[in-house]
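Report on one structure; see the data block that follows.
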Amino acid sequence: MKTVFLTLVLLMSVVLCSAQMQITITADQILIPADDYILLDNQMGGSGQICSYRIYANIPSGYQLSAIFGTSTADYEFSLSSGNTFYQSPYGSALAFQSSGENWEPLQPYDSWLTIGAENSTQADQYVFISAVETVPFFENFDLGYDVAIDTASLTIDEAIIFALNYFDENGYPLSTLNQADANGRVLIAQLTARQFVSGCMTFQLVEINSSSDGFLQTACFSFSPEYVSADFNQDGIVNIVDLTIIMSNFGCINGCNADLTGDNMVTAADLGSFIYYWSLYGEVN
């Protein structure tokens with residue numbers, strides 16, 4: 001516990017961010033093929049559409065993400081919630097950088113995890129040291145699929161932190177860019193698979209690349225709900241005979257078509273071919 005507290009005391013020494021420094025959280029939805037969706041549906045229980053997301057922190061250029069944390073000592077948030085439970089593969093890990101990355105079973109690619117840049121231990125160990133500590137079973141409970149939150153109002157020290165320390169070359173430049181913004185200005189921080197929605201809040205520490213100046217702290221929150229595939233015309237969560245009826249009734253339409261999948265303002269054989277493709281991947285499930 002002392003180790004965690006001392007780590008966070010160091011974190012609190014950085015200055016708060018200015019209005020120009022803004023961190024946002026974005027996501028890419030992973031569309032789940034029908035066979036995998038059925039397996040997930042059977043394993044997860046509950047009801048509602050299953051969704052899987054890659055979660056990213058969009059950070060300013062010239063900075064690197066050095067920590068994700070929450071603590072009751074300074075009212076910094078760290079929480080994760082879902083519409084039911086998070087999917088956790090028995091062969092996965094709550095922290096991606098502690099996993100080998102090898103897929104031991106079909107659903108492991110949908111495992112829920114947290115990270116700073118690295119998708120597996122091989123990536124993390126090569127150029128950057130990434131670790132995590134906690135004073136409450138935050139990561140442990142997340143690995144069981146539960147919603148988790150640091151109790152910022154707790155009278156005890158409730159803390160959980162993931163931190164990344166770069167290795168440097170002889171010129172003092174970091175060897176890894178895993179915790180720096182990619183070409184799209186973002187750093188991978190999580191993969192979450194759950195029913196209905198995923199949401200949460202995280203507090204980030206950013207420091208300037210190759211600089212001894214102070215960085216900044218900022219809390220950002222997110223909430224993502226599933227986007228329906230384009231062939232699900234009536235948006236009921238499944239691609240089925242109802243959607244086939246809609247595209248057939250629109251066949252031959254020109255301009256203002258409800259079932260235009262190719263974007264050419266017509267419903268033709270090309271759209272029907274696209275529909276068959278979607279049906280083969282997402283038919284009857286999502």
Side-chain angles (χ1 to χ4, degrees), residues 1-11 25 27 43-44 52-57 65-102 104 107-125 128-154 156-165 178-179 187-194 198-205 217 219-222 224:
M1 183 178 295
K2 290 182 180 178
T3 301
V4 184
F5 179 72
L6 290 174
T7 301
L8 286 175
V9 167
L10 293 174
L11 286 172
I25 299 176
Q43 287 196 23
M44 294 177 65
S52 186
Y53 301 95
R54 284 291 179 97
I55 312 293
Y56 299 88
L65 177 57
S66 59
I68 303 171
F69 69 99
T71 174
S72 61
T73 63
D75 198 23
Y76 286 117
E77 296 181 75
F78 194 177
S79 64
L80 296 166
S81 301
S82 71
N84 190 295
T85 60
F86 293 103
Y87 175 69
Q88 295 289 1
S89 166
Y91 298 97
S93 172
L95 302 163
F97 51 85
Q98 293 181 351
S99 174
S100 67
E102 297 183 53
W104 301 103
L107 298 183
Q108 194 169 340
Y110 308 104
D111 188 40
S112 297
W113 39 256
L114 295 163
T115 193
I116 297 179
E119 297 183 39
N120 53 60
S121 58
T122 301
Q123 289 182 356
D125 293 345
V128 64
F129 176 77
I130 308 176
S131 190
V133 286
E134 59 187 0
T135 62
V136 290
F138 184 91
F139 302 118
E140 294 177 32
N141 287 339
F142 175 58
D143 201 29
L144 295 173
Y146 301 148
D147 291 358
V148 289
I150 292 298
D151 183 3
T152 55
S154 176
T156 61
I157 300 174
D158 284 13
E159 296 172 336
I161 178 174
I162 304 169
F163 60 92
L165 301 175
L178 287 173
N179 59 340
V187 178
L188 179 66
I189 57 173
Q191 177 171 283
L192 301 176
T193 301
V198 295
S199 63
C201 293
M202 302 177 179
T203 301
F204 300 95
Q205 180 195 27
L217 304 177
T219 299
C221 299
F222 66 91
F224 303 112

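Each residue takes its place number in the sequence, starting with 1.
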Using the six-membered ring wherever Trp is involved, compare the ring planes of Tyr76 and Phe69 and label them parallel, tilted or perpendicular (cut-offs 30° and 60°).
perpendicular
Work out which heavy atom in Ile25 is nearest to a heavy atom in Ile55; give both atom names and the distance.
CG2-CG2, 3.4 Å
Excluding sequence neighbours, so at least two apart, what forms side-chain contact (heavy atoms from CB on, under 4.5 Å) with Ala164?
Ile116, Val128, Ile130, Asn179
State the CH2-CG distance between Trp113 and Asn120, to the nearest 0.5 angstrom.
9.0 Å
Could you tell me whether the side chain of Leu114 reaches within less than 4.5 Å of the side chain of Leu80, counting heavy atoms only?
yes
Rounded to the nearest 0.5 Å, what separates atom CD in Gln108 from atom OH in Tyr87?
8.0 Å
Is the shortest heavy-atom distance from the side chain of Leu107 to the side chain of Thr193 under 4.5 Å?
no
How would you list, by chain and number, every residue that makes a side-chain contact (heavy atoms from CB on, under 4.5 Å) with Thr156, sequence neighbours excluded?
Ser154, Asp158
Checking Ile189 against Leu65 for the side-chain contact (heavy atoms from CB on, under 4.5 Å) test, could you report, in this order, the C-alpha distance in whole Å, the side-chain angles of both residues, the deciding distance, and whether it holds?
CA-CA 10 Å; Ile189 57 173; Leu65 177 57; 3.8 Å; yes
Between Val187 and Gly117 the two heavy atoms that sit nearest each other are CG1-N, 3.9 Å
Validation row: Thr203, Phe78 side chains within 4.5 angstrom (heavy atoms)
no
Donor-acceptor pair between Gln205 and Ser66 side chains, under 3.5 angstrom
yes
Ala132 meets the side-chain contact (heavy atoms from CB on, under 4.5 Å) criterion, sequence neighbours left out, with Leu95, Phe97, Phe139, Ile162
Across all chains, not counting sequence neighbours, the ring-ring contact (aromatic ring centres under 6.0 Å, His included) partners of Tyr110 are none
Mind checking ring-ring contact (aromatic ring centres under 6.0 Å, His included) for Phe222 and listing every partner two or more places apart, or none if nothing turns up?
Phe224
Got a sec, which residues hit side-chain hydrogen bond (donor to acceptor under 3.5 Å, both in side chains) with Thr152, two or more places apart in sequence or on another chain?
Asp75
Under the side-chain hydrogen bond (donor to acceptor under 3.5 Å, both in side chains) test, which residues partner Glu119, sequence neighbours left out?
Arg54
Under the side-chain contact (heavy atoms from CB on, under 4.5 Å) test, residues paired with Pro109 that sit two or more places apart:
Asn103
Point-to-point distance, once rounded to the nearest 0.5 Å, from CG of Leu192 to OG of Ser81:
10.5 Å
Flag, side chain of Thr115 to backbone of Ala190, donor-acceptor distance under 3.5 Å
no
For Ala96 and Ala118, which heavy atoms make the closest approach, and how far apart are they?
CB-O, 3.7 Å
Could I get the full list of salt bridge (Lys or Arg N to Asp or Glu O under 4.0 Å) partners for Glu77, not counting sequence neighbours?
none
So which pairs with a foot in residues 80-98 pass salt bridge (Lys or Arg N to Asp or Glu O under 4.0 Å), sequence neighbours left out?
none
Heavy-atom check, side chain of Gln88 versus side chain of Asp111, under 4.5 Å:
yes
Anything under 3.5 Å between a donor and an acceptor, one on a side chain of residues 142-150, the other on a protein residue two or more places apart or in another chain? List them.
unit_1, atom_1, unit_2, atom_2, d
Asp143, OD1, Ala94, N, 3.3
Asp147, OD1, Ser82, N, 3.1
Asp147, OD1, Ser82, OG, 3.4

Qualifying residues under ring-ring contact (aromatic ring centres under 6.0 Å, His included), relative to Phe204, sequence neighbours excluded:
none
